[in-house]
2 protein chains.
Amino acid sequence: MKSSARKNATTTTGKPGSKVTLGMVAEACGVSPSTVSRILNGTAVVSQEKREAVDRAIAELGFIPNPIARGLAGGRTLSVGVVTQAIDSPFYGVALRGIEEELSPAGYSPLFVSGHWNAQEEQRCIDVLRSRRVDGIIVLTGRLSDEALRKLAKELPVVVTGRSLKASGLYALDFNDFEGARLATHHLLSQGHRQIAFIAGDPVHPDAQERLRGYRAALEAAGVPYKPSLVLPGKFHEESGLMAVERLIDSREPFTAIFAANDQMAFGASLALHRRGLRVPEDVSLVGFDDLAGAAHSLPPLTTIHQAAHELGRLAAQALLQLLAGQKPSGKLPEPRLIVRSSTRPLK
Amino acid sequence: MKSSARKNATTTTGKPGSKVTLGMVAEACGVSPSTVSRILNGTAVVSQEKREAVDRAIAELGFIPNPIARGLAGGRTLSVGVVTQAIDSPFYGVALRGIEEELSPAGYSPLFVSGHWNAQEEQRCIDVLRSRRVDGIIVLTGRLSDEALRKLAKELPVVVTGRSLKASGLYALDFNDFEGARLATHHLLSQGHRQIAFIAGDPVHPDAQERLRGYRAALEAAGVPYKPSLVLPGKFHEESGLMAVERLIDSREPFTAIFAANDQMAFGASLALHRRGLRVPEDVSLVGFDDLAGAAHSLPPLTTIHQAAHELGRLAAQALLQLLAGQKPSGKLPEPRLIVRSSTRPLK
DNA sequence: TTGTAGGCGTTATCAC
DNA sequence: GTGATAACGCCTACAA
C-alpha cells in the first residue's frame, strides 16, 4: 500500500498535510480523482470497498483537502469576510469572538479586515475580501453607504450590524442605540438629576448620533430643556472623556450627572472628576454605555447600558450561515439593558 | 476599446472587480494573458505601449487579480496565518493591529485564528492555516511545544513570540517577562515594602511562570524571604484578581503591597481592596503588568510594566516578511519598562 | 458505480 | 518582447 505518485519524488510517509493532493490519494489506491472527490463531498454513492480503501489512504497519507483549489473549482472558499473597524476594539473584539465561535464548527474561516471607520478603507477591505472570493461578508457597523451595501449584496450574501436596512441577500442586525441612551438618561432623571451632561461620541459614527438622539428624547419626555452647553464632543476613547470633563468643569456650567456615550469615555471622565476633587457618585453620578468587561471592575463599578456584543457576533454569523444555506435569517438582538452598579445615586 | 470577451456574456462595463479576469483584460486589449501577468508582476520588460493599453484596460474593467488563483498557480497566497490565543484579548489585540498595519501595505492579508491557550486547538489552527496555504505563520505565544514549532518551520517561515528558540526558517521574538516582573517587584521593595503579595497568572501560560520567577528573584536579591502564603493563584482576568485579594485578606496574612501578574487582575484587586475598605495607594500599593490602554485611566492610575504589544505585532510581521523575502530578521523587542503612576507609594 | 475531460484564474517555461 | 502551453488541486458534467 505504498504511494506511487509519479510527479512527487517525496516518500509521502504520513507527513500530515505536507503536500498530499487528492490526486495522490486516488493514485495510491488505484481509483480516479473523481471517486475520491465524491467520497470527500458525498456527491454520489461509492462502493463500500473503494470508500474504505480511500479512507485508509487519506488517513495514511495525512491528506488535507486544499480549500484554495476547492474554491477555484467550485466557486466556494468556505471563508467569510468580516469587516470590523479596529481589530483591537474592546467592544467589537467580543463580537469577533462570537463570529469565530459560530463559524468555526460550520467549517468556515473568518477573514478579518479593519476599516477604521473610514468608508474608503472599508470599500478597499471589501475589495480585498471579494478578490479572495469569500462566500459572504459580515460588516460590523461602519460607514459605508446603504447604497454600497445593497450593491454588494447583489453579489454576495451580506450581514450588516448597526443599521436597519432591507434588501435581498442582505440581513441587518440593528441594535437599539437610541433606546439604550434613552434608558441611561432616564435612569439619571429618575434619580432626580436635571443637569445631565452628555459626552457625545465622534459624530461620524452612526452609533454616536443615535445615542445623542436618545439622550435628547429622554430629556424631552421629562420636560427638561436640552442645553447644548451640556453636550461635550468626544472621540470614544478614554482621553477624550477626560478632556471633555475638564472642559465642562472649566466652563462652570453646573451639572450633577454625566452620561458618556461609551464606557471608555466614562472611565476617562471618572479620572477627570477625581482629579478635580469630585467623587463618583457622591458628587456626580456617571453612566456609561456598552458594558465592557472592565466596567464591572472599575472604581466605582460603572452603571452602564449592556450591549450584547458577543451575541451580536454570534447572531451575525448565524444569519450569514443561513443566508449561505439559502434560508431566511430571523435572529434579533436583545434590547439594551440598564445595568445599575455603583456610579449613580439619587440626587440629594 | 470595448471588451469582447467571448466566454462571458456580461457587458463588463467598469463593474469593479465583479468577475473580471486577467484573461479578459488580455483579450480586451489584444495581448496574451502572459503579457498582462508580466505587467502585473514586473516579471519581465514589456513595451511601453502595451503596458499603457493594459493599464488602461485594467482600470476600465476594474480588474482585481485573484489571489486564490494566483496562489494555485504560483504556490503563494499572499496571506499569512496568525495564531492568536483569543481574538478579543485586550493585550494581544493591540499586537494584531500591529501585524495588520505591517502586512497590509506589503499586500499580505492576515488570517487570524484562535488557539485559546490549548496546544491541541493551536495545532488544529495551524492545520487550518496550512490547508489554506498561507505563506507563513506568526504564532503569538501559546502553548505549542518547541518541537512542534521547529517541525512547522521546516515547511513554512514561522515567527513566534514569547519564547527564545533558534531554528532555520524560524524567528523568535521573546519578551522579557522575567525582567518586567523583577522591575515591578523591585519598585515596591525600593519603596520599603517587604510584605508584597503576588497574584500569579494561570501557570499554564508560559508568561505566568516567568513573572513568578521575576518576583522571586527580586525578593531574593533584596534578601526578603519568599513566602508562599503571599502568592495567590489567578487566571489573568479581573474576577480572579478580585477573588485572590479576598482570599488574601481572609487569610489574615499581613501585606502592604500587591503585584498582579497582569493589569486585568490588578483592576480586580483594586476593587476588592476598595470593598474591604483599603485604599490604594494609601493603605496598599498596587502594581500591574502589561500597561493596557485602560491602565492610565483607572482609579487610581495604575503603576505597571509597559509591554510593547503594538511593537510586538509590527516586529513579528516585519520578521515574517523578511523571512519570506529570504532575509534574516534581526528585530528585537524593547525591554519592559516600569511606568510609575499613582497606585504605589513609599511605605510609611 | 466509475472514469474521462474539461475548466476555475493565474504563473512559469518554453519557444518564437 | 511576446505568445502558446502546461501546470496548480479540485469539482462537475458527461460518458461508459
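Every residue meeting the side-chain contact (heavy atoms from CB on, under 4.5 Å) condition with A/Ser145, not counting sequence neighbours, appears here in chain and number order: A/Glu147, A/Ala148. A search for side-chain contact (heavy atoms from CB on, under 4.5 Å) contacts involving B/Val54 returns B/Val25, B/Cys29, B/Val31, B/Val36, B/Ile39, B/Ile58, not counting sequence neighbours. Evaluation of the side-chain contact (heavy atoms from CB on, under 4.5 Å) rule for A/Ala106 yields A/Tyr108, A/Leu321 as partners, not counting sequence neighbours. Scored by the side-chain contact (heavy atoms from CB on, under 4.5 Å) test, B/Pro65 finds B/Leu40, B/Phe63, B/Arg70 as partners (sequence neighbours excluded).
When the nucleotides D/dC8, D/dT2, C/dG3 are ranked by their closest atom to the side chain of B/Lys50, D/dT2 comes out on top.
When the C1' atom of D/dG9 is taken as reference, atom CZ of B/Arg130 falls 17 Å away, rounded to whole Å. When rounded to the nearest whole Å, the span between CZ of B/Arg51 and C1' of D/dT2 equals 13 Å.
Judged by distance alone, the side chain of A/Asn66 and the main-chain N or O of A/Ile68 form a donor-acceptor pair under 3.5 Å.
When the side-chain nitrogen and oxygen atoms of B/Thr35 are compared with OP1 and OP2 of D/dG3, one or more of them lie within a distance under 4.0 Å. Phosphate proximity of D/dT2 to B/Ser47: present, with a side-chain N or O under 4.0 Å from OP1 or OP2.
Taken over five-pair windows at either terminus, the axes of the helix from C/dT1-D/dA16 to C/dC16-D/dG1 are inclined to one another by 50° (rounded to 10 degrees).
With DNA chain D read from its 5' end, the first of the two nearest nucleotides for B/Ser32 and B/Gly71 is the one closest to B/Ser32.
A salt bridge links A/Asp127 with A/Arg130: the closest approach of a Lys/Arg side-chain nitrogen to an acidic carboxylate oxygen falls below 4.0 angstrom.
Other residues, nucleotides and ligands contribute only 12 or fewer heavy atoms inside 6.0 Å of the CD atom of A/Glu49.
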Residue pair A/Thr161, A/Thr141: steps toward the side chain to side chain donor-acceptor pair (under 3.5 Å) verdict: CA-CA 5 Å; A/Thr161 69; A/Thr141 315; 3.2 Å; yes
Sequence-aligned protein contact record of nucleotides 10-16 of chain D, with B where the base is within under 4.0 Å of a protein heavy atom and S where only the sugar-phosphate is: BSB----
